[in-house]
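These numbers come from a predicted model, not from an experiment. In each ligand, atom 1 is the first atom listed, and ligand 1 is the first ligand listed.
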Amino acid sequence: STLGFVPTMGALHQGHISLVNRACEENDRCIVSIFVNPTQFNQNEDFVKYPRNEEADISMLSSTGAAAVFLPSADEMYNTGQNHLEFDLNGLDQVLEGKFRAGHFQGVITIVDKFFSLIQPTKAYFGLKDFQQLVIIRLMAEKLHPNLKIVACPIVREADGLAMSSRNQRLSPIERQRSLILSEALFSIKDRWRKDSFDSIIGDAVKKLESSAARLEYLEIIDPETLQTLNDYPETESVACIAAWVGDVRLIDNIILPASI
Ligand code: AMP
């Protein structure tokens, strides 16, 4: 029989639930983990402030088809001897998020590898919201869990465009409004894609972001396989990735840009 697996850090929202629903549809059984993984946080403050809401999470999951929720303690996950996965990510962890969050992706693959070994799923489900994470987990799974299928799921957004995220809970009403600048920048790039010069559409988006209340960390157009920055229109599909601070909340988002026809 088949087993679908959805790893999460809790504070669940409809983005998570879309993964759970898909995992339930495509497998005989589906299991969800909730674990705020300490080793993937590069700032202790972010770990401490990360939203946690176990009761609401479990109640949300009870109206899905999930067969079980796994809520391990940090002790359970890290007192097993093998506490840091040594794995060469071919530089995929040196760009984008990796530049700003030292050690983050090594923490992610360490915990995800532990979960894969423990749970032995048939398929595991990840959101395109964390595009770089998905690419990195694919690489790790190809090497260490060759029979496991990694399934990529589309980004779920609020009605006004903001990508759903557990961290959105930390935004004040005014910051919630300001955070719209991220998705608006991505949508404007997609709307103008291949219609104006590459430099002008990226330059305009950066200018708008820099004059907004958000603090931009990066806005890059990347190759979806190598994650390398593109400086002109490619013939293939590409991805616009953004990270910015709104108040003391760090947000990321991305959008897929079509290949030329
Ligand atoms: P997290 O709890 O933030 O670690 O996320 C758990 C999983 O849910 C990851 O695979 C995320 O990419 C995915 N996810 C988070 N937010 C969204 C969203 N808005 N749409 C789709 N997937 C999401």
Side-chain angles (χ1 to χ4, degrees), residues 4-26 30-43 46-47 49-54 56-58 60-61 64 66 69-72 74 77 96-97 101 104-116 119 121 123-141 148-171 176 179-180 182-183 186-187 224 227 239 241-243 249-256:
F5 172 48
V6 183
T8 81
M9 299 206 300
L12 300 181
H13 50 66
Q14 289 306 312
H16 296 115
I17 298 303
S18 74
L19 272 56
V20 176
N21 288 339
R22 177 130 175 225
C24 291
E25 276 161 28
E26 295 183 352
C30 146
I31 181 167
V32 179
S33 66
I34 297 177
F35 180 62
V36 184
N37 174 35
T39 67
Q40 75 185 67
F41 284 83
N42 51 307
Q43 287 184 345
D46 187 30
F47 175 66
K49 288 192 177 167
Y50 197 83
R52 291 163 172 88
N53 205 340
E54 231 166 68
D57 289 348
I58 289 168
M60 222 169 173
L61 288 172
T64 69
V69 193
F70 181 42
L71 293 133
M77 294 313 297
L96 304 166
E97 289 298 283
R101 302 189 66 190
H104 167 67
F105 287 115
Q106 293 295 333
V108 169
I109 58 159
T110 297
I111 197 68
V112 172
D113 170 60
K114 282 174 188 271
F115 280 139
F116 287 171
I119 291 169
K123 296 184 182 179
Y125 295 78
F126 292 88
L128 284 160
K129 163 81 168 32
D130 299 277
F131 187 84
Q132 186 175 14
Q133 167 174 282
L134 177 68
V135 172
I136 285 175
I137 287 172
R138 271 229 166 91
L139 175 69
M140 182 275 280
L148 169 62
K149 190 166 186 285
I150 303 295
V151 182
C153 305
I155 300 177
V156 178
R157 298 180 180 280
E158 302 286 355
D160 60 9
L162 179 67
M164 289 192 186
S165 163
S166 303
R167 287 187 176 87
N168 294 351
Q169 286 185 22
R170 294 189 45 223
L171 298 167
R176 171 66 183 73
S179 67
L180 287 178
L182 279 84
S183 50
L186 297 177
F187 296 153
L227 304 182
V239 184
C241 296
I242 187 169
V249 184
R250 189 173 181 280
L251 300 173
I252 61 170
D253 196 357
N254 68 80
I255 203 161
I256 295 174

Legend entry - Gln132 side chain to Leu96 backbone, donor-acceptor under 3.5 Å: no
Inset, instruction - Flag His16 as yes when one of its N or O atoms lies below 3.5 Å from any N or O atom of ligand 1, and as no otherwise. - result: yes
Inset, instruction - Hey, could you give me the NZ/CD distance between Lys123 and Glu26, rounded to the nearest 0.5 Å? - result: 4.0 Å
Inset, instruction - Would you mind running through ligand 1 and noting each atom that sits below 4.0 Å from a heavy atom of Pro7? - result: 6 (C), 7 (C)
Legend entry - Main-chain N/O of Ala11 paired with Ser166 side-chain donor or acceptor, under 3.5 Å: yes
Inset, instruction - Would you mind listing which atoms of ligand 1 come within a distance below 4.0 Å of any non-hydrogen atom of Tyr50? - result: 3 (O)
Inset, instruction - Give the atoms of ligand 1, by number and element, whose distance to some non-hydrogen atom of Met164 is under 4.0 Å. - result: 16 (N), 17 (C), 18 (C), 19 (N)
Inset, instruction - Any atoms of ligand 1 less than 4.0 Å from a non-hydrogen atom of Phe126? List them with their elements. - result: 10 (O)
Inset, instruction - Going by heavy-atom distance to atom 23 (C) of ligand 1, choose the closest among Lys129, Gln14, Glu158. - result: Lys129
Legend entry - His13 neighbourhood, listing ligand 1 atoms whose heavy-atom distance to it stays under 4.0 Å: 15 (C), 16 (N), 17 (C)
Legend entry - Euclidean distance, Ser165 OG relative to Asp253 CG, rounded to 0.5 Å: 9.5 Å
Legend entry - Cation-aromatic face contact Arg52/Phe47, 6.0 Å, 45 degrees: yes
Inset, instruction - Using a strict 4.0 Å cut-off to heavy atoms of Pro154, name the atoms of ligand 1 that fall inside it. - result: 20 (N), 21 (C)
Legend entry - Nearest candidate to atom 20 (N) of ligand 1, where distance is taken over non-hydrogen atoms, out of Asp57, Val151, Asn168, Val156: Val156
Inset, instruction - Could you pull out all residues at least two apart from His104 that satisfy ring-ring contact (aromatic ring centres under 6.0 Å, His included)? - result: none
Legend entry - Part of Leu19 within contact of ligand 1 (heavy atoms, under 4.0 Å): side chain
Legend entry - Region of Met9 that comes within reach of ligand 1 [heavy atoms, distance under 4.0 Å]: both
Inset, instruction - State whether the shortest distance between N or O atoms of Gly127 and N or O atoms of ligand 1 falls below 3.5 angstrom. - result: yes
Legend entry - Atoms in ligand 1 with a heavy atom of Ile155 nearer than 4.0 Å: 20 (N), 21 (C)
Inset, instruction - Any atoms of ligand 1 less than 4.0 Å from a non-hydrogen atom of Thr8? List them with their elements. - result: 2 (O), 6 (C)
Legend entry - Geometric N/O contact Ser165 with ligand 1, under 3.5 angstrom: no
Inset, instruction - Taking Lys114 for its side chain and Met77 for its backbone only, find out whether a donor-acceptor pair lies under 3.5 Å. - result: yes
Legend entry - Among Glu97, Gln133, Met140, side chain to side chain contact (heavy atoms under 4.5 Å, CB included) partner for Val108: Gln133
